[in-house]
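Notes for the one structure printed next.
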Amino acid sequence: MSHLQVVAGAGPVGWTVAEKLAAQGHRVRVLTRSGSGPEDPGIERLRVDATDPEAVAAALVDEDGLPTDAVYMCVHGSAYHADVWARELPVAERVVLDAAANLSEKTVVVFPESLYSYSEPDRVMTEDSPREADTGKRGVRRQLLAARAAHRAPTVSVVASDFFGPRARSAMAGERMVPTVLAGRKVRVLGSADLPHSFTYVPDLAAAMIAAAGEPAVWNTVIHAPTGQAVTQREIATAFARAAGLPAPAVGTIPSWLLRAGGVVNRDMKELAEMLYQFTAPFVMDSTRTEQVLGLSPTPLDEAAAATVAWWRARG
């Protein structure tokens, strides 16, 4: 059996990381405020607030006093708002980083990360692309990356594009799309339905995070999760329909002006409008380097779509 692995957070990424680690035979400890997480004999679920230094430090040590090999920091903000992220995330990340660094110089902290910090998203984004975004949620992500790079704890930030897959509810290719496809209704998407857009399958992100934790050569870097060839929003909706044995869905768009106008009076629409640039022009990431270094490949779209549809159908 491998040494203790700690996962902070039980959203779609943290949950999937924990399940994969347990399936590999690791001892896994999941930390959440509520004590939630996968029910598995190899997974211990603890009620721990990621902003509590003493509780976090205690959770990173096993019964024999040995520190964890890796912490997968999958805690996210309590709301999709820039000010909430700026208030909550730096504190939680600093607590986890400090706890890891105080335990061992070999305890790596692995983060899922987004493409938000990239300042030239109109070009194909690689690990070498500039990350200089400085406003709103995009600026918060850049600041978090800078704080990780400056910390003495070893870190890896694994960048993914828009999620899809089991448990990826709050995503453009999640609850906004899959249940609609399964119901045979018209899908409405942001921006354009026919521009190339990268989508990352959550299990591929989780696999890359686990592999990165065990590969010191990628520590203290930013890498890209294995992500398949960019497809359009129409194409991924059609892939879900094909997996479900249904006809290709009708796909329409939500006018960008309507979203921006709504943002004047509705905060959630304003926060969503900030990210419209991802859907009004090609938004493409390249993961070739990570795939070569870690020996991983993205799951084929049809296979990933089938697993996604199966998960949604199981929820009724």
Above 12 or not: heavy atoms from other molecules or residues under 6.0 Å from CZ of R313?
yes
Please assess T221 against E127 for the test side chain to side chain contact (heavy atoms under 4.5 Å, CB included), listing each intermediate value before the final yes or no.
CA-CA 9 Å; T221 68; E127 289 89 343; over 6 Å; no
Donor-acceptor pair, T290 side chain versus H224 backbone, under 3.5 Å?
yes
Between D128 and R289, does any NZ, NE, NH1 or NH2 come within less than 4.0 Å of an OD or OE carboxylate oxygen?
yes
Does L115 belong to the same Ile/Leu/Val/Met/Phe/Trp/Tyr cluster as F163, with side-chain heavy atoms less than 4.5 Å apart forming each link?
no
Using only atom types and a distance under 3.5 Å, with no angle test, would you say the side chain of S157 pairs donor to acceptor with the backbone of E113?
no
Using 30° and 60° as the class limits, which term best fits the ring planes of W85 and Y116: parallel, tilted or perpendicular?
parallel
Just wondering, are more than 12 heavy atoms of other shown residues or ligands nearer than 6.0 Å to CD in E175?
yes
Taking the side chain as everything from C-beta on, heavy atoms only, tell me whether V7 gets closer than 4.5 Å to L21.
yes
Apply the test salt bridge (Lys or Arg N to Asp or Glu O under 4.0 Å) to residues R29 and E44: give CA-CA distance (whole Å), side-chain angles for both, the deciding distance (0.1 Å), then the verdict.
CA-CA 5 Å; R29 184 174 287 167; E44 177 187 10; 2.9 Å; yes
Any side-chain hydrogen bond (donor to acceptor under 3.5 Å, both in side chains) involving residues 181-204? Give me the pairs, sequence neighbours left out, ordered by first then second residue.
D162-H197, D194-R234, T200-T227, D204-T299
In the structure I gave you, are the side-chain heavy atoms of L89 and L144 within less than 4.5 Å of one another anywhere?
yes
Check the pair D69 / K106 against side chain to side chain contact (heavy atoms under 4.5 Å, CB included), numbers first and verdict last.
CA-CA 7 Å; D69 295 328; K106 296 182 179 180; over 6 Å; no
Validation row: V13, L205 side chains within 4.5 angstrom (heavy atoms)
yes
Taking L276 as the starting point, is it possible to reach V189 by hopping between hydrophobic residues whose side chains are less than 4.5 Å apart?
no
How many angstroms lie between CG in L190 and CZ in R176, if you round to the nearest 0.5 Å?
7.5 Å
Of all residues at least two apart in sequence or in a different chain, which pass the side-chain hydrogen bond (donor to acceptor under 3.5 Å, both in side chains) check with S34?
S36
Show your reasoning for whether side-chain hydrogen bond (donor to acceptor under 3.5 Å, both in side chains) applies to H151 and D98.
CA-CA 8 Å; H151 203 280; D98 287 348; 2.6 Å; yes
Got a salt bridge between E93 and R148, using NZ or NE/NH1/NH2 to carboxylate O under 4.0 Å?
yes
Without hydrogens or angle criteria, can the side chains of E88 and S78 be said to hold a donor-acceptor pair below 3.5 Å?
yes
Let's go through V96 and Y72 carefully: what are the C-alpha distance in whole Å and the side-chain angles of both, what is the deciding distance for side chain to side chain contact (heavy atoms under 4.5 Å, CB included) to 0.1 Å, and is it a yes or a no?
CA-CA 10 Å; V96 171; Y72 300 87; over 6 Å; no
Taking it one step at a time, do R142 and Y118 satisfy side-chain hydrogen bond (donor to acceptor under 3.5 Å, both in side chains)?
CA-CA 8 Å; R142 180 187 61 78; Y118 284 98; over 6 Å; no
Less than 4.0 angstrom from a charged side-chain N to a carboxylate O is my criterion; do R242 and D302 meet it?
yes
